[in-house]
Structure formats: structure tokens, C-alpha cells
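Working notes, structure below.
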There are 2 protein chains.
Amino acid sequence: MSDSVVLDPVDLEILRLLQNDARMTYRELAAAVGVAASTCLDRVARLRRGGVILGQVLRVDPARLGRPLEALLSVQVRPHRAELIGPFVERVRALPQARALFHLTGPDDYLVHVAVAGPAALQRLVLEEFTARREVARVETRLIFGRWECGPVLPPAPAESGPGPVG
Amino acid sequence: MSDSVVLDPVDLEILRLLQNDARMTYRELAAAVGVAASTCLDRVARLRRGGVILGQVLRVDPARLGRPLEALLSVQVRPHRAELIGPFVERVRALPQARALFHLTGPDDYLVHVAVAGPAALQRLVLEEFTARREVARVETRLIFGRWECGPVLPPAPAESGPGPVG
DNA sequence: GGTGAAAAAGGGCATTC
DNA sequence: GAATGCCCTTTTTCACC
């Protein structure tokens with residue numbers, strides 16, 4: 001977890017490719033990037049050690065798991081104090097319906113991304129797990145029509161005018 | 001891509017484990033789940049074919065890539081017509097700062113999750129890529145204090161009273 | 001269980017500061 | 001001349017049948 005990880009164009013290209021498909025072999029990676037496979041291995045190991053690569057996870061389709069309806073819940077927690085929001089966060093994270101949780105600035109303290117079986121399940125989730133709790137002052141529910149996870153965070157082209165300081 | 005994928009507790013446990021760490025070997029997976037490694041292989045292949053498993057991606061730390069500040073932008077696109085929102089969505093997805101994009105019900109049409117280098121970069125992004133566009137009627141920016149991606153979407157325990165219909 | 005392939009591990013060579 | 005990065009080779013492990 002050294003905090004002085006400097007990234008060159010090769011690192012960026014490796015990250016970009018692996019973000020799209022982490023199952024690529026080092027051979028394929030090497031061919032695409034233009035270095036030796038062992039070099040790719042070294043680079044990836046270094047990025048792992050440096051904390052740039054946090055892990056490798058499975059992308060699963062919630063609809064195929066019986067949760068085709070997704071929504072965002074804006075939640076006000078009042079009073080907004082540490083001893084209340086700690087348990088709140090833990091409780092939300094433990095919900096199987098929860099996909100993501102954001103602590104935000106602004107009038108709504110939290111935004112919760114959930115996936116449920118349908119409208120009835122959504123209603124039940126909101127009523128039983130959120131508004132029923134004393135520290136939850138307000139919940140606003142918005143349905144998700146469509147969602148795009150644009151993983152990159154990286155410039156699509158490896159380096160043209162330079163992506164700026166990334167060390 | 002058959003749409004009749006029925007999941008049993010073994011499938012759910014496999015998915016749950018691989019969602020936390022997709023680098024697990026089939027041996028480790030088999031030991032954890034309590035079945036043969038070849039069975040795990042078959043199950044995972046079936047889940048891939050069935051579209052339950054969409055892929056395997058790298059989790060990267062945006063802060064280590066020079067984008068330590070994250071925010072959510074609520075965007076109103078007016079008029080909210082298909083010929084305007086198509087290009088808008090494509091444009092947003094092409095931004096290297098964009099991490100996710102949601103199309104929502106409610107007064108705000110889109111929610112964009114972005115990661116930037118700092119407040120100045122955020123201001124520049126909002127002004128140049130959003131409010132400068134004619135179809136963007138309003139942008140509301142909220143900073144992200146903290147974020148938890150609770151990947152699961154699955155019950156934490158494999159099966160106690162039954163996770164309900166998930167086929 | 002067996003086979004072929006991929007991932008680690010180790011060492012040599014070049015380049016740089 | 002010490003260090004770093006790249007590449008090749010070997011060993012080990014894993015995926016797949």
C-alpha cells in the first residue's frame with residue numbers, strides 16, 4: 001500500500017483493458033499492450049501492491065437473480081450524528097437488496113441503490129427497513145429506468161495530450 | 001442467454017463468494033461451498049451461459065488514479081425527448097470522469113456519478129460538459145463523503161428460510 | 001485422474017540516474 | 001555502480017476434458 005505509485009501509459013492501458021474484462025490472460029494483455037507477458041505480470045502485481053487495483057469482482061445481473069426492479073432511495077437521517085449513522089450504514093449494507101450506498105452533501109444524507117423483485121417488494125423495503133426506523137426522517141424513492149456503469153475512470157486513448165498527473 | 005436459469009443454494013453461494021473475490025480458484029471455491037471442483041466449474045460455466053454472470057472486472061481506486069473527489073450530478077434534460085437524450089447519454093458515457101449513469105423517474109432525469117481531481121476540476125466538468133449544453137436545463141452537484149459498493153444482491157447466508165423465488 | 005495451458009518465481013541483460 | 005524495468009526460462013498450479 002505504498003502511496004507513491006506512478007503510472008505510465010503502459011499501466012494505464014493495462015488497467016483500461018482489465019477493467020473491461022479481467023479474465024484476459026497475460027499473453028493477450030501483452031499482445032494488446034505491446035510488452036512481454038512477464039512484464040504485464042510484473043505491472044499488475046505492482047498495481048495490486050500499490051493499491052491501485054483493489055480487487056477483481058464478478059458482474060452479476062440482478063434481474064437474473066429475481067430482482068429486475070432497481071431504485072434509488074434518498075434518505076435523511078435525523079439527527080445526523082455519528083452514533084446514529086454508524087448503525088444505519090451497517091444495517092443498509094447488510095440488506096441483500098442494497099447494491100450501493102453513498103453518503104452525500106446536501107439535504108439528503110444518503111443515497112441507496114437497491115434492486116428488488118417488483119413494486120410491492122420495493123414498497124415493503126422502504127416501509128420496513130427505512131421509514132420504520134426512528135432515525136430516518138425522510139425517504140424519497142426514484143425508479144431506475146436504465147443504468148450504465150462506465151467503469152473506466154481512465155482516458156479511452158492511452159496518451160495523446162497527456163492525461164495529467166496520475167501519480 | 002437462456003432466460004430460465006434456476007438457482008439453487010450452491011449457485012447462490014458460488015456467486016456470493018465470487019462477487020467478493022473473482023480470483024478465487026475453483027479448488028478454493030469447491031472447498032468453501034462443499035462440492036467438487038469440477039462441479040464448481042460446471043456451475044460457473046452454466047451461470048455464464050445463462051447470463052447471470054455478466055463478466056469479471058477490475059476494481060480500481062479512482063483516488064490512486066488522480067481522481068480523489070467524487071460527486072453525484074443530478075441533471076435535468078429538457079425537452080426530455082429521445083433524439084436529445086441519446087446523444088446526451090453517449091456523451092456522458094464517453095467522459096473519463098464518469099463512473100456511472102442512471103436514468104431516473106422524478107424531476108431530475110439523470111444522475112451521474114463522477115470522479116475528479118478536485119473542486120476546480122469538478123467545477124470545470126460541470127460547466128463545460130453539462131451546463132454548457134443546450135439540452136441540459138439544470139445541474140445539481142452533491143459531493144460524496146463516502147461510498148460503499150455492497151455488491152452482493154444476494155442473501156448473506158446461503159439458505160435458512162429460503163431466499164424466495166430466484167429463477 | 002490426466003493433459004495442456006496459464007500463472008508465478010527466479011535470473012540475466014539493458015538502460016538510467 | 002546501484003537501481004529499475006524488461007524479458008526469457010523454469011517450476012508450479014490451475015482449468016478443462
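Computation of the quantities below employed the complete heavy-atom set of this structure, encompassing side-chain atoms and omitting hydrogens, waters and symmetry-equivalent molecules. Lettering of chains follows the sequences in order, A, B, ..., and the numbering in each one begins at 1. Not measured: the values here are computed from a predicted model.
- Contact check on A/Arg147 versus A/Glu70 returns a salt bridge, with a Lys/Arg side-chain nitrogen under 4.0 Å from an Asp/Glu carboxylate oxygen.
- B/Leu29 places its CG atom 13 Å from the P atom of D/dC14, with the value rounded to the nearest Å.
- Among D/dC7, D/dA15, D/dC14, the nucleotide with an atom closest to any side-chain atom of B/Arg27 is D/dC14.
- Surrounding CD of A/Glu28 are more than 12 heavy atoms belonging to other residues, nucleotides or ligands, all under 6.0 Å away.
- Side-chain proximity of A/Thr25 to the nucleotides C/dA6, C/dA8, D/dC14 is greatest for C/dA6.
- Nearest nucleotide to the side chain of A/Tyr26, out of C/dA8, D/dC6, D/dC16: C/dA8.
- The aromatic ring centroids of B/His113 and B/Phe102 lie 6.0 Å or more from each other.
- One can place CG of A/Asp11 at 13 Å from C1' of D/dC6, the figure rounded to the nearest angstrom.
- In this structure, B/Asp8 pairs ionically with B/Arg43, as a charged nitrogen and a carboxylate oxygen lie closer than 4.0 Å.
- Between B/Met24 atom CE and D/dT13 atom P the separation is 18 Å, expressed in whole Å.
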>> Pairs counted only when both distances fall under 3.5 Å, Watson-Crick or G-U: show me the 5' to 3' dot-bracket for DNA chain D, [ ] for pseudoknotted crossings and | for other-strand partners.
In response: |||||||||||||||||

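- Residue A/Asp42 contributes atom CG, which lies 12 Å from atom P of C/dG10 at whole-angstrom precision.
- For the pair A/Leu7 CG and D/dG5 C1', the interatomic distance rounds to 15 Å; values are reported in whole Å.
- Where A/Gly34 and A/Arg23 meet DNA chain D, the nucleotide closest to each residue was compared, and A/Gly34 sits on the side nearer the 5' end.
- For the pair B/Leu84/B/Pro79, a side-chain contact is recorded, criterion being any heavy-atom separation below 4.5 Å from C-beta on.
- Between A/Glu129 and A/Arg124 there is no salt bridge, since none of the side-chain N atoms of the basic residue sits less than 4.0 Å from a carboxylate O of the acidic one.
- For A/Arg49 and C/dA9, the CZ to P distance is 10 Å, given to the nearest whole Å.
- Nucleic acid contact class of A/Ser38 (heavy atoms, under 4.0 Å, all strands): base.
- If you measure from atom CG of B/Leu41 to atom P of D/dT13, you get 20 Å, rounded to the nearest angstrom.
- For the pair A/Tyr110 and A/Leu73, the minimum side-chain heavy-atom distance is 4.5 Å or more.
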